[in-house]
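These values consider heavy atoms only, across backbone and side chains, with no hydrogens, waters or symmetry-generated copies. The sequence lines fix the lettering, A, B, ..., with proteins before strands; numbering per chain opens at 1.
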4 protein chains.
Amino acid sequence: MILSLDLDSEVPIYLQIRDRIVEAIASGELAEGSSLPSTRQLAVDLGINFHTVNKAYDLLRQEGLLRINRKSGALVQRDARTGPPEPGFTDEWETRLRTLLAEAVAHGVDHPAVLGSCAAVLTSFTPTAPTAQGADHGAEQGDSAS
Amino acid sequence: MILSLDLDSEVPIYLQIRDRIVEAIASGELAEGSSLPSTRQLAVDLGINFHTVNKAYDLLRQEGLLRINRKSGALVQRDARTGPPEPGFTDEWETRLRTLLAEAVAHGVDHPAVLGSCAAVLTSFTPTAPTAQGADHGAEQGDSAS
Amino acid sequence: MILSLDLDSEVPIYLQIRDRIVEAIASGELAEGSSLPSTRQLAVDLGINFHTVNKAYDLLRQEGLLRINRKSGALVQRDARTGPPEPGFTDEWETRLRTLLAEAVAHGVDHPAVLGSCAAVLTSFTPTAPTAQGADHGAEQGDSAS
Amino acid sequence: MILSLDLDSEVPIYLQIRDRIVEAIASGELAEGSSLPSTRQLAVDLGINFHTVNKAYDLLRQEGLLRINRKSGALVQRDARTGPPEPGFTDEWETRLRTLLAEAVAHGVDHPAVLGSCAAVLTSFTPTAPTAQGADHGAEQGDSAS
DNA sequence: GTGGTCTAGACCACT
DNA sequence: GTGGTCTAGACCACA
């Protein structure tokens, strides 16, 4: 689990960590039950303070994506396959989606291109060997989003 | 031009203003060349400090969406029809898109549903019946979406 | 708003602050909409670090009792009169109640005495105008407390 | 003696064990003189480290609820019928009670409902209600509340 | 070993 | 002025 940070970014470090982990969960790289590095270990690896990692993990815990356990550290609590989101998530999320897509449209990206970007991002979340997933639950193939 | 703010939101007020304006530009409600209320006027209307409005306008100016004239006030600088975005915009934007979509996927929204939300948002930016601009104030119809 | 802390207590300081504020809300001393001292001000008053106050406020915010506003600082979000608790609150709370009452019973406090303590505590939350109790639902009079 | 633990709870495991035992004593399930499983046995049953069980037992010993003998293991030292609590217990306990009840009141549970919960919990400690304690001082009435 | 608490100070963002 | 972020180090609680 290596994640690259941009310490000069205006995005707070703890948010960058959180974002990378969310993306890793979405892409299946971190499945439900996976364990994450300890806060102090990750802090050392990234060359930052452990409190910053702590804050990222705590945020993910509040979002329901992580559970923290004194014994085993942080575990992935949730997954693309765990089920539908908690009520209330979608509304707030769509508000942010609306703002983000508006930004592209206002800058002159046409609708099909925007939708293409969305589809491309989603595709990038299922990069692995579609043939090896035969067993699986089967249903996940719907991802190519068409 | 009415925009509703949530003063208790964790989203800074100046960003809420900026977001609403971006969405208005994306939806065509504010076309290129339209004029916005003066900072002081808008501040009074919203019951906030005019510095806050100023900050929102300045951010939009930096983003290339507004140009500010001492005499004519703030004018919309570009819109969906002005042309493709400046180089560099797309990369940064797709990074944020990736994070946002990952959030939904990690919370269990499946890929088709995510793409459906994207499409629905885009549809909501097309203010139905472009020829109906004479109606003008009846612009509310565009947003029911979904 | 003065609250006394026991810095030697095994109860974390931030929890003591949180507890005192919860009790003040319950007793009507802090009504919905009341403003609390700024984190830094309270920290100075209490002779502790502002981060500790921050943590207490943030906890209360997560519990839905406070809302934090950049402009006006912390405001009481909720009240005995605001309405019934969020679903899920009661179950978790009754678990803790069960443990606490069990402690007294196990130590030999008989049931009526336990119940008497509970009633006494509740009474202490409505200290004002004991003669006006007939009105009952007109209880709002008791709490203006300022 | 079956106790169910939640290893992911924010409540420390040793405290969960302690709480369950306190409740068992309060409900009469564990009477004075009863013997508890050995720390090692219980640890195996629960799938946890025996030091954790040890810590729970030691805490109960400090609280005066258990006595620990090298030969006979852990025995229940007192129960509801052993007599009134040690001096000093009640004050500290009522402080915690006050905080806990305040929490419910602040979240909008009205006084009679709170008192009802207390009464319900106490009733649950009376396993079969042999003589039902007679009049029970009639303290349950919400009179003092409201 | 793990995470949690408290303190401390510097700097930034928001209004 | 307000709160938020990041860093830092010490100490404690838990398993």
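Considering only side-chain N and O atoms, C:T52 lies under 4.0 angstrom from the phosphate OP1 or OP2 of E:dT7. Side-chain N/O atoms of A:N54 include one lying less than 4.0 angstrom from OP1 or OP2 on E:dG4.
One can place CG of B:D19 at 12 Å from P of E:dC14, the figure rounded to the nearest angstrom. The CG-P distance, from A:N69 to E:dG1, rounds to 18 Å in whole Å. In this structure, the CD atom of D:Q16 is 12 Å from the P atom of F:dC14, given to the nearest Å. Taking atom CG of C:L5 as the reference point, atom P of E:dT5 lies 16 Å away to the nearest angstrom. Between the C1' atom of E:dA13 and the CD atom of A:E10 lies a distance of 11 Å, rounded to the nearest Å. Rounded to whole Å, the distance from CG on B:L42 to P on E:dT15 is 14 Å. Between A:L59 atom CG and F:dC6 atom C1' the separation is 15 Å, expressed in whole Å. Between the CG atom of D:D8 and the P atom of F:dA15 there is a distance of 12 Å, rounded to whole Å.
Applying the Watson-Crick and G-U wobble criteria (two distances, each under 3.5 Å), E:dG4 pairs with F:dC11.
Each of F:dA10, F:dA15, E:dT15 was ranked by its minimum atom distance to the side chain of A:F50; first place goes to F:dA10. Of the candidates F:dA13, F:dC6, F:dA8, F:dA13 carries the atom nearest the D:K55 side chain, counting heavy atoms from C-beta on. When each of E:dC14, F:dC14, F:dC6 is scored by its nearest atom to the side-chain atoms of B:P12, the top-ranked nucleotide is E:dC14.
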Intermediate values then yes/no, side chain to side chain contact (heavy atoms under 4.5 Å, CB included), C:L36 and C:L30: CA-CA 9 Å; C:L36 273 67; C:L30 286 174; 4.2 Å; yes

Worked check of side-chain hydrogen bond (donor to acceptor under 3.5 Å, both in side chains) between A:T82 and A:D79: CA-CA 5 Å; A:T82 310; A:D79 212 37; 4.6 Å; no

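Salt-bridge formation is detected for the pair C:R61/C:D58: a Lys NZ or Arg NE/NH1/NH2 atom is positioned less than 4.0 Å from an Asp or Glu carboxylate oxygen. Ion pairing of D:E86 with D:R78 is present here, as a side-chain N (NZ or NE/NH1/NH2) and a carboxylate O approach within less than 4.0 Å.
The residue among C:I48 and C:R70 whose nearest nucleotide of DNA chain E is located toward the 5' end is C:I48. Annotation: of the two residues near DNA chain E, B:L15 and C:G47, the 5′-most nearest-nucleotide partner is C:G47. Mapping A:L7 and C:S72 onto DNA chain F via the closest heavy atom, the residue that lands nearer the 5' end is C:S72.
Side-chain atoms of A:H51 come within donor-acceptor range of the base of F:dG9, with a qualifying N/O pair under 3.5 Å. A donor N or O paired with an acceptor N or O is not found under 3.5 Å between the base of E:dG3 and the side-chain atoms of A:R67. No N or O donor and acceptor, one from the side chain of A:R40 and one from the base of E:dG1, sit under 3.5 Å apart.
A 4.5 Å side-chain heavy-atom check between A:E23 and B:R98 finds at least one atom pair inside the cut-off. Contact check for C:W93 versus D:L101: side-chain heavy atoms found under the 4.5 Å cut-off.
Contacts of D:N49 with the nucleic acid, taken as non-hydrogen atoms under 4.0 Å apart, are absent. Counting any heavy atom pair closer than 4.0 Å across all strands shown, A:Y14 reaches sugar-phosphate atoms only and no base atom.
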